[in-house]
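Working notes, beginning with the structure itself.
Chain identifiers are assigned alphabetically (A, B, ...) following the order of the sequence lines, protein sequences preceding nucleic acid strands; residue numbering begins at 1 within each chain.
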Protein chains: 2
Amino acid sequence: MSSTEKPVARRTRARPARKAPAQRPGPVGGKRDRNRQERTRALIDAGLALFLERGIDSVTVDDIAKKAGTAKGNFYRYVEDKRDLVDAILAPVRDDVFAAMQACDRETDAAREVTALNAAYLKLAMRLLEAYRTHPDVVRLYLQEARAPGGDARAPLADFEQKLTEHTVALTTRAHEHGLLKKIPPMVSALAVIGAVERLLLAHLRDQAFDNEAEAVASLVRMVMEGIV
Amino acid sequence: MSSTEKPVARRTRARPARKAPAQRPGPVGGKRDRNRQERTRALIDAGLALFLERGIDSVTVDDIAKKAGTAKGNFYRYVEDKRDLVDAILAPVRDDVFAAMQACDRETDAAREVTALNAAYLKLAMRLLEAYRTHPDVVRLYLQEARAPGGDARAPLADFEQKLTEHTVALTTRAHEHGLLKKIPPMVSALAVIGAVERLLLAHLRDQAFDNEAEAVASLVRMVMEGIV
DNA sequence: CGTTAATGTGACTTCGAGGTCATGCTTTCT
DNA sequence: AGAAAGCATGACCTCGAAGTCACATTAACG
């Protein structure tokens with residue numbers, strides 16, 4: 001944020017310039033800047049497409065670079081490694097989701113009546129739906145790869161799953177304490193809903209499984225309302 | 001089944017004996033036979049343990065052989081490759097589950113009243129529970145690895161997921177036709193239940209998530225009954 | 001326009017995993 | 001016992017992926 005230095009520290013042949021420098025060269029809207037963003041996008045898109053199709057571990061850095069239309073060496077100028085790329089792919093969704101959940105936390109804290117609580121939960125659902133609509137492929141990657149351990153490229157996804165689950169359980173616990181739910185352990189109802197939603201999303205994203213999308217959503221809502229609320 | 005040959009065709013230095021012969025040497029309870037079974041068990045157990053801990057693709061054949069207390073070359077005497085080992089690990093569960101579902105199919109075919117139908121479904125649930133109790137680790141491997149594509153070692157798990165889903169949807173459709181369920185598309189209710197059950201099982205197997213197991217099961221049943229039945 | 005440094009390239013190095021094989025050991029059968 | 005064949009071993013070979021680097025190209029800035 002704070003500009004402690006000139007755009008670039010001019011030193012005569014010092015670093016071999018291995019990694020891209022933290023501070024980009026001068027012009028903010030300049031060609032360099034634009035190229036950088038294009039390359040980053042290309043790498044993220046190529047990686048996401050290949051990961052979805054063939055699985056994270058089966059995809060090589062060469063594959064990604066080629067599909068992004070660049071050379072392998074350049075890949076390492078933009079990301080540390082495959083794990084870092086997965087992290088970059090996941091980042092926007094993760095940020096959206098956490099922001100939505102924290103906002104929901106604040107609203108339920110401030111709420112004094114049941115209607116305010118319900119409004120907060122509804123708003124959360126809307127924001128999550130929005131994130132899903134904006135980044136369906138990222139959600140699919142998460143659904144497909146988050147559960148398998150090992151190969152640290154998947155670590156960002158596993159972390160996200162863990163945090164997401166914890167937060168959801170906490171939220172459910174709170175709803176439970178306010179008497180909004182049936183006498184079912186919050187852990188159980190939270191996991192059941194997460195599992196059901198995730199499985200339906202996966203079927204939708206992988207197989208276009210539902211003729212009537214709206215009916216499917218309505219059915220899901222009905223099942224949840226009658227099953228746990 | 002039929003013994004067309006003597007235990008082994010004696011030829012003077014013919015095959016280099018690369019793979020284990022289909023027909024084992026003579027004694028059925030002999031030392032050879034016992035050793036074979038021990039090795040197979042050791043490999044399956046070692047593979048399963050390592051796969052669970054580090055993920056299928058991160059585990060090498062060397063790792064498995066070492067953990068099973070044998071040499072790498074020997075690994076290939078017992079299985080084709082990692083995929084084949086995964087298949088061997090999954091086999092018992094798959095057989096149990098398919099047998100149970102086919103039995104359920106037959107019983108629902110023969111059923112003339114609702115009570116008989118309900119009995120068939122209950123029996124299926126009991127048999128699935130039994131399979132889970134007998135092979136919890138295999139179930140966990142399935143839950144962790146089935147969704148991710150690529151790396152053909154996981155293909156047996158993906159196949160199983162697909163068949164299992166299809167069969168469950170068919171079963172649900174039938175129940176729906178008999179008027180046992182709410183007006184919810186069978187695809188939706190089937191996937192929702194599968195997803196919820198799988199997520200709860202995973203939490204149980206990975207994290208010992210439930211203080212009171214019986215209460216968790218009762219809650220799940222209640223949610224399903226009130227949510228979709 | 002010329003200099004400087006960031007950016008792009010792909011051949012190269014390194015390393016580890018899959019799979020093979022010559023050799024020696026064990027079981028079986030006569 | 002002794003031969004025959006399955007069984008076990010780990011060094012070895014091969015291949016492909018990760019990551020590096022010297023050099024070429026391009027943008028920035030005077």
Side-chain angles (χ1 to χ4, degrees), chain A residues 6-40 42-43 54 56-66 68-85 151-153, chain B residues 6-40 42-43 54 56-66 68-85 151-153:
Chain A
K6 281 284 189 178
V8 137
R10 302 293 168 91
R11 278 198 274 154
T12 336
R13 194 126 272 274
R15 269 177 314 170
R18 289 248 16 84
K19 185 72 183 298
Q23 61 247 19
R24 291 62 166 301
V28 183
K31 193 153 189 181
R32 278 269 150 90
D33 200 39
R34 257 181 297 126
N35 283 347
R36 263 191 98 75
Q37 290 190 311
E38 267 176 40
R39 282 264 145 276
T40 306
L43 284 170
R54 286 158 37 196
I56 290 179
D57 325 87
S58 307
V59 175
T60 73
V61 172
D62 267 309
D63 294 334
I64 301 169
K66 182 166 286 181
T70 187
K72 175 156 64 165
N74 213 21
F75 176 95
Y76 291 98
R77 238 176 242 295
Y78 287 88
V79 292
E80 288 284 334
D81 50 20
K82 226 159 59 170
R83 174 196 170 128
D84 194 30
L85 183 61
D152 78 353
Chain B
K6 280 283 189 180
V8 135
R10 301 292 169 93
R11 279 198 274 152
T12 336
R13 194 128 272 274
R15 270 175 314 168
R18 290 248 16 85
K19 185 72 184 298
Q23 61 248 18
R24 290 63 167 300
V28 181
K31 195 156 188 178
R32 279 269 150 90
D33 200 39
R34 256 182 299 125
N35 284 347
R36 261 191 98 75
Q37 290 190 311
E38 268 176 38
R39 282 264 145 275
T40 306
L43 285 170
R54 285 157 40 195
I56 289 179
D57 332 81
S58 307
V59 175
T60 72
V61 173
D62 267 307
D63 294 333
I64 300 170
K66 181 166 285 181
T70 187
K72 174 156 64 164
N74 213 23
F75 176 94
Y76 291 98
R77 214 175 268 289
Y78 288 88
V79 292
E80 289 283 334
D81 50 20
K82 227 160 57 170
R83 174 195 171 129
D84 194 31
L85 183 63
D152 78 353

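- At a cut-off of 3.5 angstrom, the base of C/dT7 holds no donor-acceptor pair with the side chain of A/R32.
- A distance of 11.0 Å separates CG of B/L43 from CG of B/D84, quoted to the nearest 0.5 Å.
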Worksheet, complete the sentence: Quick tally for nucleotides 8-16 of chain D: nucleotides whose base has a protein heavy atom under 4.0 Å get B, sugar-phosphate-only ones S, the rest -, giving BBB------

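- Here the C1' atom of nucleotide D/dA27 and the CD atom of A/Q37 are 16 Å apart, to the nearest Å.
- In this structure, A/I64 atom CD1 and D/dG19 atom C1' are separated by 14 Å, rounded to whole Å.
- Summarising the geometry, atom OG1 belonging to B/T60 is positioned 3.0 Å from atom CG belonging to B/D63; distances are rounded to the nearest 0.5 Å.
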Discussion item. Between B/T70 and B/F75, is the side chain to side chain contact (heavy atoms under 4.5 Å, CB included) condition met? List the steps.
Written reply: CA-CA 8 Å; B/T70 187; B/F75 176 94; 5.8 Å; no

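- In plain terms, the two heavy atoms of A/I56 and A/A153 that are nearest each other are CG2-CB, 3.8 Å.
- C/dG8 atom P lies 12 Å from atom NZ of A/K31, rounded to whole Å.
- Taking atom CD on A/E80 and atom P on D/dA18, their separation rounds to 15 Å, with Å as the unit.
- Going from atom CZ of B/R36 over to atom P of C/dT26 covers 18 Å, rounded to whole Å.
- A/D57 places its CG atom 16 Å from the C1' atom of C/dG16, with the value rounded to the nearest Å.
- When the C1' atom of D/dC7 is taken as reference, atom CG of B/D33 falls 14 Å away, rounded to whole Å.
- Considering every non-hydrogen atom in both A/Y78 and A/R36, the closest pair reads CE2-O, 3.8 Å.
- Panel note: side chain A/K72, backbone A/V61; no donor-acceptor pair is recorded below 3.5 Å.
- For the pair A/I56 CD1 and D/dA18 P, the computed distance is 13 Å after rounding to whole Å.
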